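Keep in mind the model is a prediction, meaning the values are calculated, not measured.
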Amino acid sequence: MAWLVMIASLILVTWIVSLFTILILSFFPFTNLRAAPLRKRNNVLLVIAHPDDESMFFTPTINFLTSRRHNVQVPMQQVKIVNHPDLQVLDGFGKVWNHSLLANIIEEQITSHCINMIITFDNYGVSGHCNHRDVHYGSFSHVSSKLLYDTLQKDIDVWELVSTNILRKYSGPIDIWLTMIWAMLHSSGTIQYLVNEHPRRSYCAMAQHASQWVCQSMNFVNEKGDRDE
């Protein structure tokens with residue numbers, strides 16, 4: 001029984017130390033974790049699948065970019081809500097969206113807003129949701145649309161939110177140590193980590209989506225940062 005108490009105590013101490021480490025890093029942002037190399041100013045297109053995705057998954061990235069005066073496509077006047085029947089009918093698990101259609105929609109936004117940076121999901125989509133994966137392929141795959149491929153040959157950066165396994169996803173602040181190790185192993189700069197400088201903003205943003213504000217969502221937005229590649 002004593003060893004169970006020791007293990008529980010060790011986990012608790014590690015959790016507290018990890019939390020304080022994150023708080024310290026939030027006061028001295030990106031001194032210990034590498035921030036993505038950015039141009040002097042970017043017009044950033046955030047490509048998501050659902051109205052709550054920006055709050056649940058991308059708030060640390062949005063906070064970082066807006067605080068550095070980058071123009072992120074999240075103000076209401078710059079948000080493009082796609083009400084396409086082929087996407088609305090096929091919304092949900094197991095219903096794949098047309099990647100060429102998505103690529104054409106994305107290309108239109110790139111042209112309209114002079115986009116030079118795209119941020120979206122990776123090919124797993126964090127939660128494994130098929131529509132998260134669809135916007136990834138619509139953004140990345142030149143097979144989907146030659147028009148988008150030609151556009152991406154211009155000076156445009158494309159970043160994806162890297163998915164992690166379920167243990168890391170729900171480990172809370174303890175995952176900061178794995179994040180640091182992973183950052184040091186990728187010295188080439190292809191993977192960048194952002195500590196959430198304003199965690200309260202994440203909660204407030206997600207709370208606007210009342211139907212989605214459940215325990216699972218709280219755990220998601222409680223994560224300490226985004227991982228972009």
Side-chain angles (χ1 to χ4, degrees), residues 30 34-84 86-88 91 96-126 129-163 188-194 196-198 201-202 205 225-229:
F30 316 112
R34 293 174 293 111
L38 298 174
R39 310 162 196 266
K40 185 176 181 180
R41 182 179 175 88
N42 283 294
N43 290 325
V44 184
L45 177 64
L46 179 66
V47 184
I48 58 176
H50 307 105
D52 61 345
D53 287 348
E54 86 293 339
S55 302
M56 188 179 295
F57 306 111
F58 292 96
T59 306
T61 297
I62 294 172
N63 288 339
F64 170 76
L65 292 171
T66 54
S67 69
R68 273 75 180 169
R69 300 178 61 82
H70 296 279
N71 179 27
V72 186
Q73 306 302 105
V74 290
M76 192 60 204
Q77 66 271 19
Q78 295 180 337
V79 172
K80 171 67 174 180
I81 301 175
V82 180
N83 192 24
H84 196 286
D86 289 347
L87 303 180
Q88 296 294 337
D91 181 33
V96 178
W97 287 343
N98 185 303
H99 298 165
S100 295
L101 171 61
L102 293 173
N104 288 330
I105 293 172
I106 294 167
E107 191 277 334
E108 178 184 339
Q109 296 305 304
I110 292 173
T111 303
S112 301
H113 298 284
C114 300
I115 297 298
N116 51 19
M117 174 179 283
I118 299 174
I119 297 176
T120 189
F121 293 99
D122 67 1
N123 60 3
Y124 182 72
V126 180
H129 198 297
C130 61
N131 298 148
H132 294 176
R133 299 197 301 266
D134 291 334
V135 296
H136 163 86
Y137 289 117
S139 300
F140 276 81
S141 178
H142 67 268
V143 177
S144 299
S145 170
K146 185 180 185 299
L147 185 59
L148 178 58
Y149 175 68
D150 292 340
T151 302
L152 292 181
Q153 298 312 294
K154 302 174 184 177
D155 197 13
I156 297 178
D157 296 324
V158 186
W159 293 82
E160 60 182 15
L161 181 62
V162 178
S163 300
S188 65
T190 56
I191 294 182
Q192 309 294 333
Y193 298 87
L194 305 179
N196 194 348
E197 297 176 278
H198 306 285
R201 290 184 186 176
S202 300
D226 290 356
R227 306 166 181 84
D228 293 318
E229 180 175 349

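Between the side chain of Asp134 and the backbone N or O of Trp97 there is at least one donor-acceptor pair closer than 3.5 Å. Judged purely by atom type and a 3.5 angstrom limit, Asn43 has no side-chain atom pairing as donor or acceptor with the backbone of Asn116. Asp122 places a side-chain N or O within donor-acceptor distance of the main-chain N or O of Tyr124, the cut-off being under 3.5 Å. When atom types are taken as modelled, the side chain of His129 and the backbone of Asn131 share a donor-acceptor pair closer than 3.5 angstrom. Thr59 places a side-chain N or O within donor-acceptor distance of the main-chain N or O of Glu54, the cut-off being under 3.5 Å.
When all heavy atoms of Ile119 and Phe58 are compared, the pair lying nearest together is CG2-CE2, 3.8 Å. For the residue pair Thr120 and Val47, the shortest heavy atom distance occurs at OG1-O, 2.8 Å. Closest of all the heavy-atom pairs between Ser163 and Gly125 is OG-N, 3.7 Å.
When Ile115, Ile62, Leu65 are each tested for a side-chain contact (heavy atoms from CB on, under 4.5 Å) with Val44, only one passes: Leu65. The side-chain contact (heavy atoms from CB on, under 4.5 Å) with Phe121 is formed by just one residue from the set Arg133, Glu160, His132; it is His132.
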Begin from the C-alpha positions of Ile110 and Ile118 and carry the test side-chain contact (heavy atoms from CB on, under 4.5 Å) through to its verdict.
CA-CA 9 Å; Ile110 292 173; Ile118 299 174; 3.7 Å; yes
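With sequence neighbours excluded, no residue satisfies side chain to side chain donor-acceptor pair (under 3.5 Å) with Asn63.
In this structure the side chain of Val82 never reaches within 4.5 angstrom of the side chain of Leu102, judged on heavy atoms.
To the nearest 0.5 angstrom, His99 atom NE2 is 10.0 Å from Ser139 atom OG. Here the straight-line distance linking atom OG of Ser112 with atom CG of Leu45 works out to 10.0 Å at 0.5 Å rounding.
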